[in-house]
Number of protein chains: 2
Amino acid sequence: MAVQVTRKEPLVTSATTLTARFSDWQETGFDATRCPIRNVLDRLGDRWTTLVLIALAGRPLRFNEIRRTVPDISKRMLTQTLRHLERDGMATRHVFPTKPPSVEYRLSPLGISVLDPLSSLVDWAENRFAEINRARIAFDATAGTR
Amino acid sequence: MAVQVTRKEPLVTSATTLTARFSDWQETGFDATRCPIRNVLDRLGDRWTTLVLIALAGRPLRFNEIRRTVPDISKRMLTQTLRHLERDGMATRHVFPTKPPSVEYRLSPLGISVLDPLSSLVDWAENRFAEINRARIAFDATAGTR
DNA sequence: CAGAATCCCCATTGATACTG
DNA sequence: CAGTATCAATGGGGATTCTG
């Protein structure tokens, strides 16, 4: 069972470690409460979290500043996304008792720490974007014949 | 407009480049066909793609081998996930004309290339998992008072 | 074995209205 | 300004059935 690594030469170095840890998660049945992929990456993979994280990467922003930065997010989803980030310890919320109230959101050290791996993935996405688009066009062109 | 970077000392190096590119995407209104984050990461962020990619990281696998590797994926979703990976040029599909037929899936160079940034994010998730869980418990404990 | 096709559900999201 | 509450809709995903 688990992932059998029969191949002598792994695809890339990261593949070996990924595969090894995959076996561990697999034994838990990918229990969402214990598998980091499910538990953490599912959240980063939702519609808004990544965009809000990047928006806050530059500097702390207030609620409506974030809304203007991510134009098509609704107040409802922004509130929810920020609560999730706050709950996960990725962002902190500071209320200034002005009137009307102003609330500033700021990445915590934990939130800042995710920017680096996130940036790697964004780099990859940008660098490979053209290649992916070409693959899609090629695939769709032969869609009828397959 | 866009993301105003007034801070002199960026949070981390990656934050600066992320913020800069964020402005570019923002000007397109995050058009899904042009914004790499929306277009590429939304796919990586779905329920199964990452798990299937990691499953294939070790070695090429046949359809039902992947199913056994990712226990709770349905045939429907596995087919769909594999088609997406194939369409994006991340995996290739090889049909062996045996009876019954066997079909092998294998990561392409493009698919292999994503393992590295993906691994960075998985590393982060594992290393910070305990910290995130503590934050969640602390947050939930004060949920009633806030 | 490796799918394709169909039906259906519910979780995520959006839109709207209301509030301290 | 920064939310909350409620309702409605969309589509991702599961279960099942059928097939080369």
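Both backbone and side-chain heavy atoms feed into the values below; hydrogens, waters and symmetry mates do not. Proteins get letters first, then strands, A, B, ... in listed order; numbering begins at 1 in each. Just so we're clear, the structure is a prediction, and the values are computed from it rather than from any experiment.
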Roughly, in whole Å, what's the span from [atom1] in [X] to [atom2] in [N]?
| X | N | atom1 | atom2 | result |
| --- | --- | --- | --- | --- |
| I66(A) | dC1(D) | CD1 | P | 14 Å |
| L82(B) | dG13(D) | CG | C1' | 16 Å |
| H94(A) | dG3(D) | NE2 | P | 13 Å |
| K75(B) | dT19(D) | NZ | P | 13 Å |
| E86(B) | dA2(C) | CD | P | 14 Å |
| E65(B) | dA2(C) | CD | P | 8 Å |
| L78(B) | dG14(D) | CG | P | 11 Å |

Does dC1(C) have OP1 or OP2 sitting under 4.0 Å from an N or O in the side chain of R62(B)?
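For dC1(C), neither OP1 nor OP2 has a side-chain N or O of R62(B) closer than 4.0 Å.
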
Kindly say if R93(B) contacts the phosphate of dA2(C), meaning a side-chain N or O under 4.0 Å from OP1 or OP2.
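Negative; the distance criterion is not met.
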
Can you confirm whether R136(B) sits close enough to H84(A) that some side-chain heavy atom of one is under 4.5 Å from a side-chain heavy atom of the other?
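With C-beta onward as the side chain, the pair stays apart.
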
Hey, is [X] close enough to [Y] for a salt bridge, meaning N to O under 4.0 Å?
| X | Y | answer |
| --- | --- | --- |
| E104(A) | R106(A) | yes |
| D72(A) | R38(B) | yes |
| E131(A) | R128(A) | yes |

For the side chain of R83(B), starting at C-beta, report the closest nucleotide among dC1(D), dG3(D), dA4(C).
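Minimum distance to the R83(B) side chain belongs to dA4(C).
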
Please tell me whether D46(A) and T49(A) have a donor and an acceptor in their side chains that are separated by less than 3.5 angstrom.
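On atom types as modelled, these side chains qualify, holding a pair under 3.5 Å.
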
Sub-3.5 Å donor-acceptor pair from the side chain of N127(A) to the main-chain atoms of D123(A), do we have one?
yes

Donor-acceptor pair, distance only, cut-off 3.5 Å: does the side chain of S108(B) make one with the backbone of M90(B)?
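Yes; judged by distance alone, with no hydrogens or angles, the pair exists.
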
Position toward the 5' end of DNA chain C (nearest nucleotide), P100(A) or N64(B)
N64(B)

Regarding R67(A), tell me which of base, sugar-phosphate or nothing describes its non-hydrogen contacts under 4.0 Å with the strands shown.
nothing

If you look at every strand shown and take non-hydrogen atoms under 4.0 Å, does Y105(A) touch a base, only sugar-phosphate, or nothing?
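Since only primed, P, OP1 and OP2 atoms lie under 4.0 Å of Y105(A), the category is sugar-phosphate.
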
Pick out the pairs of N or O atoms, protein on one side and nucleotides 10-15 of chain C on the other, that lie under 3.5 Å.
| from | atom 1 | to | atom 2 | distance (Å) |
| --- | --- | --- | --- | --- |
| dG14(C) | OP1 | R47(A) | NE | 3.3 |
| dG14(C) | OP2 | W48(A) | NE1 | 3.3 |
| dG14(C) | O6 | R76(A) | NE | 3.2 |

